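Values in this document were obtained by computation on a predicted structure and should not be read as measured data.
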Amino acid sequence: MSTDQSNTPGIEDIRAAATVIRRAIADADGPLPPSFLMTFMLRDWRRYLAYVHRRAGSRSIIWRNASELTVRIVASTVPLPTREARDQLVRGLPKLVHEIKTGMALAGMMAAQRDAFLLQLRAHHLSLLSEPLDPGINDRPDLSQTVAMDVADPRYRSLLDQLDGLDSMDGLEHIEM
């Protein structure tokens with residue numbers, strides 16, 4: 001794998017990655033993703049997306065697939081109110097996990113980090129599948145594992161800055177792919 005300048009993601013690649021993550025979160029029908037997923041998206045997954053954007057370009061099918069995968073990852077963490085939604089998640093999990101692992105490998109994630117994240121994701125998916133189907137039982141969804149965002153909160157700006165890659169680009173210059 002080469003570490004030459006042409007393979008190193010630049011600002012535009014990082015911004016493109018952040019835009020995909022931001023759009024996936026905004027388009028999800030549910031509460032914000034759990035905090036462990038937000039951490040993963042902002043650190044490792046953004047690195048993967050920036051790498052794909054740099055290597056394949058914004059018009060490539062590879063970039064489109066990576067973007068769609070990001071949407072599927074986020075969508076897999078929202079509450080599942082119907083049996084059909086749960087069945088669809090269960091059918092799609094093997095492919096989803098395989099594609100996540102491929103992205104993690106390209107992002108250079110260490111095995112211990114990868115395994116820890118996948119265990120958290122598995123536990124989250126199991127909790128979604130075990131929640132009662134009747135929405136009347138729980139009037140309010142459990143938001144304890146989500147990141148609360150208030151636009152008046154200064155931390156909101158910090159999160160947007162992280163998504164834009166303006167304050168944590170240090171890990172992106174040294175990617176070996």
Practice prompt. Starting at CD1 of Ile14, measure out to CZ of Arg54 and round the result to the nearest 0.5 Å.
Written response: 10.0 Å
Distance-only donor-acceptor pairs under 3.5 Å for side chains of residues 81-90, two or more places apart:
| unit_1 | atom_1 | unit_2 | atom_2 | d |
| --- | --- | --- | --- | --- |
| Thr82 | OG1 | Ala85 | N | 3.1 |
| Arg86 | NE | Leu80 | O | 3.1 |
| Arg86 | NH1 | Leu129 | O | 3.0 |
| Arg86 | NH1 | Glu131 | O | 2.7 |
| Arg86 | NH2 | Leu80 | O | 3.3 |
| Arg86 | NH2 | Glu131 | O | 2.5 |

Discussion item. Has Asp13 got a side-chain atom pairing as donor or acceptor with Gly10's backbone, closer than 3.5 angstrom?
Written reply: yes
Practice prompt. Taking all non-hydrogen atoms of both residues into account, name the closest pair between Ala17 and Ala50 and its distance.
Written response: CB-N, 3.7 Å
Fill in: Val52 with Leu96, same ILVMFWY side-chain cluster at under 4.5 Å
yes
Worksheet entry | Closest non-hydrogen atom pair, Ile100 against Leu69 | N-CD2, 4.4 Å
Item to complete: Answer yes if Val78 and Leu93 sit in the same cluster of Ile, Leu, Val, Met, Phe, Trp and Tyr residues linked by side chain heavy atoms under 4.5 Å apart, and no otherwise.
Response: no
Worksheet item: How would you list all residue pairs meeting salt bridge (Lys or Arg N to Asp or Glu O under 4.0 Å) that involve residues 101-112, not counting sequence neighbours?
Response: none
Response to the item:
side-chain hydrogen bond (donor to acceptor under 3.5 Å, both in side chains) filter on Thr70, not counting sequence neighbours, yields Trp45
Worksheet item: What about Leu128 and Leu118, same hydrophobic cluster or not, with Ile/Leu/Val/Met/Phe/Trp/Tyr joined at side-chain heavy-atom distances under 4.5 Å?
Response: yes
Worksheet, complete the sentence: With Asp44 as partner, the option from Arg114, Met104, Met109 fulfilling side chain to side chain contact (heavy atoms under 4.5 Å, CB included) is Met109
Item to complete: Using the rule that two of Ile, Leu, Val, Met, Phe, Trp, Tyr join whenever any of their side-chain heavy atoms come within less than 4.5 Å, decide whether Leu37 and Val71 are in one cluster.
Response: no
Discussion item. Taking atom CD1 as the centre, does Ile61 end up with more than 12 heavy-atom neighbours from other residues, nucleotides or ligands that are less than 6.0 angstrom away?
Written reply: no
Worksheet item: Out of curiosity, Met41 CE to Thr77 OG1, how far, rounded to the nearest 0.5 Å?
Response: 8.0 Å
Worksheet item: When you check the side-chain N and O atoms of Arg55 and Tyr51, is any donor under 3.5 Å from an acceptor?
Response: yes
Discussion item. Test of understanding: with side chain to side chain contact (heavy atoms under 4.5 Å, CB included), list the residues that count as partners of Ser58, not counting sequence neighbours.
Written reply: His53, Trp63
Worksheet item: From His124 NE2 over to Phe36 CZ, what is the distance, rounded to the nearest 0.5 angstrom?
Response: 6.0 Å
Discussion item. Give me the atom names and distance for the closest heavy-atom approach of Ile62 to Ala56.
Written reply: CB-CB, 4.0 Å
Worksheet item: Taking only residues two or more places apart in sequence or in another chain, which ones pass salt bridge (charged side-chain N to carboxylate O under 4.0 Å, His left out) with Glu68?
Response: none
Discussion item. Can you list everything that forms a side-chain hydrogen bond (donor to acceptor under 3.5 Å, both in side chains) with Glu99? Sequence neighbours excluded, please.
Written reply: Arg72
Worksheet item: Are Leu42 and Leu49 in one and the same hydrophobic cluster, where Ile, Leu, Val, Met, Phe, Trp and Tyr link if side-chain heavy atoms are under 4.5 Å apart?
Response: yes
Discussion item. To the nearest 0.5 Å, what is the distance between CG on Leu121 and OG on Ser76?
Written reply: 5.5 Å
